Novice: 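Dumping the structure here so I can ask a few things about it.
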Number of protein chains: 2
Amino acid sequence: MAVTLKEVAERAGVSQSAVSRAYTEGASVSSKTRKKVEKAALELGYSPSLIARSLATSRTSLIGLVANNFQNPVFLEVFDLFTRALQERGLRPLLVNLSDETDPQHSVRMLKQYSVDGVVVASSTLPPVFAKAFKDAGVPVVHAFGRISSDVDIHVVGIDNRRSGEMAVETLLQHGYRSIAFLGGPESSSSAQDRGAGFLDGLKKAGLVPADMRYADDYTYDAGKVVMNALLDEKKVDAVFCGDDLICMGAMDAARGRGINIPEELGFIGFNDMKMSEWEAYGLTTVRQPTRDIILSSVDLVVSMVNDHERTPEKRLFPCTIVERQTLKSV
Amino acid sequence: MAVTLKEVAERAGVSQSAVSRAYTEGASVSSKTRKKVEKAALELGYSPSLIARSLATSRTSLIGLVANNFQNPVFLEVFDLFTRALQERGLRPLLVNLSDETDPQHSVRMLKQYSVDGVVVASSTLPPVFAKAFKDAGVPVVHAFGRISSDVDIHVVGIDNRRSGEMAVETLLQHGYRSIAFLGGPESSSSAQDRGAGFLDGLKKAGLVPADMRYADDYTYDAGKVVMNALLDEKKVDAVFCGDDLICMGAMDAARGRGINIPEELGFIGFNDMKMSEWEAYGLTTVRQPTRDIILSSVDLVVSMVNDHERTPEKRLFPCTIVERQTLKSV
DNA sequence: AAAAACACTGCAAGCGGTTGCATGATATTT
DNA sequence: AAATATCATGCAACCGCTTGCAGTGTTTTT
């Protein structure tokens, strides 16, 4: 069907090896041969078969993106960045959906089957044991949005969630709030835990105690609303730090539903700075996470691991910044 | 490195063909041989190499999802559904990002390089010439969210945008609005055109004329806001039908920014019913598009095409429904 | 009971590249 | 000019699986 290397070789009057080498970076070919090959290839409309190459080299040029959260709009940006970055390098992005997955071994089998050259795990809710299992199975892994303090020896690129949580609290304090609650993502997620810890750090430094701390069941609007309503039923606070913008929006709507005035009676600060956070209906003050840096850096890293599986695990951190909008009262 | 078919064959005391057949649906193998093979495979931890199989069969089990809009949250659902559907069938989802792509030939080369067994083009903004080019290049294609009236012979699964636009208008009329404007997505997109046509149909049947018709530059919140502001600068209308929920939210915020009361002074109806449309800050009345049906059906179709490239092109339509919330006044 | 049909099985030739090795051609040293 | 190093090329053996074909053993038909 398609043109093969063999035909090109015949037409160019060279050996198959010559043609193959003409297409391999850094191979030893004279420019004369290369010219001949290029000419023949052009005339025939040849382009090498990735599949055959994969079989011979055991490199597939497939890089997996494993995710387990297809609710959060932040991931749209992740998908976009990831696919572009790979496409630019001539690599192919494979999507691995691990929603509802609980068995690391099952995932490992799947990954093996997929025969990816490497994966970036983009999730802060997927238990670290998954990334670990992938690594043990011999698949290069980088954990984007992962936990830096993770004890397992895995590449992590992300942010300092603890420090960022502290920054959020500092911002709240600067704006004059004192009775502050934390509304995190699912308690099982490392990012929720770390942001919560940072929240406590920040309060402690100011000599304050938390007004309340709770965790939503999911990184979703609905979960945010539910947990905020529960909070409002029990406590009176003057500001809340939400571990995610989506949760924060749910929480804000819960508060508004009770006629509470934002930001005068109740201030909000979120996390992520997703696109919608600047929508006028919310105008969320939030901690901006540098998604772009994280994904691009993750791709760099996983690509470099393909050539050097034994690369020693790195933790790459990017700084967060505060984006001030309208959910905090002015001082 | 990995266990190969050969080793399994030796261990099981059978030929390589036998092992291969044990793993091929519908092949001729006695259950005795199969047992032996399964035992040996289990002991060795064997699983067949997809790559080698691809080379031999020229089937890769890779199915591409081509998209060019990573802004619209609707696509999160698309990605989720698509990946799950493929994973269940033992197929592998490849993402193809065609944002900013203008040259069909370039995309074709990319697709060829990717060696997918088929693709579903999920977009209503990608010019039909792309899907056409893929088909001509011999790649099975189904166009999800495509245009049914498309003249090219390509499988399309989606909705009747024209009829759905008409439904939106009918809803507006039922709620007592008479001076109605249309705010579509980019004029170049087929869905925007068709919804616009349906809008006109609906008005005409009621003996009315459009109060205004315009198109946003993008399927985004910002674009919706911009175009709504332009509209408000020039005209006085009492309801607007937006060709997309995202655009509708931008438009609503533009109106609110001017102190206009929704739904009393101005009614809104959107399109898609994305997750956020039910958020309290918007509570959008909208035309629900059955994304799930569309994607699952598209996957079915593309999979069946892999086995039968010449399948005659089909148009599969699913009905839309109106979801009433709070952006229309009660009659 | 012989003939015909059927179900298995193994052989071996692919699928379309890559790459170690040996050889010949060129260039560099001394 | 001889000796040595460097570069370019081709040969052929893989990479790991599939499949047409031919051969054997078993079952069904008549």
Side-chain angles (χ1 to χ4, degrees), chain A residues 1-38 40-41 44-62 90 92 112-115 117 138 306-307, chain B residues 1-41 44-62 90 92 112-117 138 306-307:
Chain A
M1 181 120 293
V3 186
T4 73
L5 180 152
K6 192 173 179 177
E7 304 171 47
V8 177
E10 277 165 13
R11 173 144 197 153
V14 298
S15 73
Q16 303 195 17
S17 329
V19 180
S20 173
R21 291 196 247 262
Y23 281 91
T24 359
E25 194 102 15
S28 177
V29 222
S30 69
S31 58
K32 200 172 61 180
T33 330
R34 165 163 280 134
K35 283 275 186 305
K36 282 195 284 186
V37 170
E38 280 169 359
L44 262 32
Y46 168 76
S47 84
S49 150
L50 258 190
I51 302 173
R53 180 182 303 203
S54 296
L55 183 57
T57 60
S58 51
R59 291 271 186 84
T60 58
S61 86
L62 290 169
R92 304 179 289 168
K112 283 292 198 186
Q113 186 69 4
Y114 277 17
S115 50
D117 284 345
V306 173
N307 303 309
Chain B
M1 182 121 293
V3 186
T4 72
L5 179 152
K6 192 175 179 176
E7 303 172 47
V8 177
E10 278 166 12
R11 174 146 197 153
V14 298
S15 73
Q16 302 195 19
S17 329
V19 180
S20 173
R21 291 188 176 110
Y23 281 91
T24 333
E25 194 103 16
S28 177
V29 223
S30 67
S31 59
K32 201 170 62 179
T33 328
R34 165 163 279 133
K35 283 275 185 304
K36 284 196 283 187
V37 170
E38 279 169 358
K39 179 159 177 290
L44 262 31
Y46 169 77
S47 85
S49 151
L50 256 190
I51 302 172
R53 182 188 304 227
S54 297
L55 184 56
T57 60
S58 49
R59 289 273 186 83
T60 58
S61 86
L62 251 20
R92 305 179 289 169
K112 282 291 196 186
Q113 185 70 6
Y114 277 17
S115 50
V116 288
D117 284 344
V306 173
N307 303 309

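This is a predicted model, so every value here is computed, not measured. Here is the naming used below: chain letters follow the sequence lines, and residue numbers restart at 1 for every chain.
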Novice: Would you say S20(A) places a side-chain N or O within less than 4.0 Å of OP1 or OP2 belonging to dT18(C)?
Specialist: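 Checking S20(A) against dT18(C): at least one side-chain N or O falls below 4.0 Å of OP1 or OP2.
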Novice: When you look for runs of 3 or more Watson-Crick or G-U pairs in a row, both distances below 3.5 Å, which of them include DNA chain C?
Specialist: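 C:1-30 with D:1-30 - these are the stems of 3 or more pairs that involve DNA chain C.
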Novice: Show the nearest heavy-atom pair for residues S115(A) and R92(B), with the distance to one decimal.
Specialist: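 In terms of heavy atoms, the two residues are closest at OG-NH1, 3.4 Å.
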Novice: Could you encode protein contacts along nucleotides 8-15 of chain C as a string, one character per nucleotide from 5' to 3', using B for base contact, S for sugar-phosphate-only contact and - for no contact, with a heavy-atom cut-off of under 4.0 Å?
Specialist: BBBBB-BB
Novice: Kindly give the atom pairs (protein nitrogen or oxygen, nucleotide nitrogen or oxygen) under 3.5 Å for nucleotides 23-27 of chain D.
Specialist:
none

Novice: Grab the CD-P distance between E25(A) and dT19(C) for me, whole Å please.
Specialist: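 Spelled out: CD on E25(A) to P on dT19(C) is 13 Å.
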Novice: Can you see which heavy atom on A52(B) is nearest to which on S49(B), and at what distance?
Specialist: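 Reported closest heavy-atom pair: N-OG, 3.0 Å.
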Novice: If you take all heavy atoms of A41(B) and V8(B), which pair is closest and at what distance?
Specialist: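 Minimum heavy-atom contact is N-CG1, 4.0 Å.
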Novice: Run S30(A) and T33(A) through side chain to side chain donor-acceptor pair (under 3.5 Å) and show every step you take.
Specialist: CA-CA 5 Å; S30(A) 69; T33(A) 330; 2.4 Å; yes
Novice: Looking at A27(A), is its backbone amide N or carbonyl O close enough to the side chain of T24(A) to form a donor-acceptor pair, meaning the two atoms are under 3.5 Å apart?
Specialist: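 A pair under 3.5 Å: no.
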Novice: Measure CG/L5(A) against P/dG17(C) and give the value in whole Å, please.
Specialist: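 From L5(A) CG to dG17(C) P: 5 Å.
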Novice: If you take all heavy atoms of A40(A) and A12(A), which pair is closest and at what distance?
Specialist: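 Of all heavy-atom pairs spanning A40(A) and A12(A), the closest is CB-CB, 3.8 Å.
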Novice: Only one of L44(A), V37(A), V19(A) forms a side-chain contact (heavy atoms from CB on, under 4.5 Å) with R11(A), so which one is it?
Specialist: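 Answer after filtering L44(A), V37(A), V19(A): L44(A).
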Novice: Over all heavy atoms of both residues, which pair between V29(A) and R34(A) is shortest? Give the atoms and the distance, please.
Specialist: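 Heavy-atom minimum between the residues: CG2-NH2, 4.0 Å.
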Novice: Report the distance from atom OH of Y46(A) to atom C1' of dG16(C), rounded to the nearest whole Å.
Specialist: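 One finds 8 Å between C1' of dG16(C) and OH of Y46(A), rounded.
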Novice: With no hydrogens and no angle check, is any side-chain donor or acceptor of D117(B) less than 3.5 Å from a backbone partner on R59(B)?
Specialist: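 A pair under 3.5 Å: no.
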Novice: Roughly how many Å is it from CD1 in I51(B) to P in dT18(D), rounded to a whole number?
Specialist: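 In whole Å, dT18(D) P and I51(B) CD1 are 13 Å from each other.
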Novice: Please state how far atom NZ in K6(B) lies from atom P in dT18(D), giving the value in whole angstrom units.
Specialist: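 Distance, rounded to whole Å: 16 Å.
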Novice: Which whole-number value in Å describes the distance from E10(A) CD to dG17(C) P?
Specialist: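 Rounded to the whole Å, the gap is 13 Å.
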Novice: Is a side-chain donor or acceptor of S54(B) paired with a backbone partner of I51(A) at a separation under 3.5 angstrom?
Specialist: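 Not at all, since once roles are kept as given, no pair shorter than 3.5 Å links the two residues.
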Novice: Grab the CZ-C1' distance between R53(A) and dC14(D) for me, whole Å please.
Specialist: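 Taking CZ of R53(A) and C1' of dC14(D), I get 17 Å after rounding.
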Novice: Of the non-hydrogen atoms in Q16(A) and L5(A), which two are nearest, and what is the gap between them?
Specialist: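 Closest approach of Q16(A) to L5(A), heavy atoms only: CB-CD2, 3.2 Å.
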Novice: Looking at Y23(B), I'd like to know whether one of its side-chain N or O atoms comes within less than 4.0 Å of OP1 or OP2 on dT19(D).
Specialist: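 No, no such contact exists.
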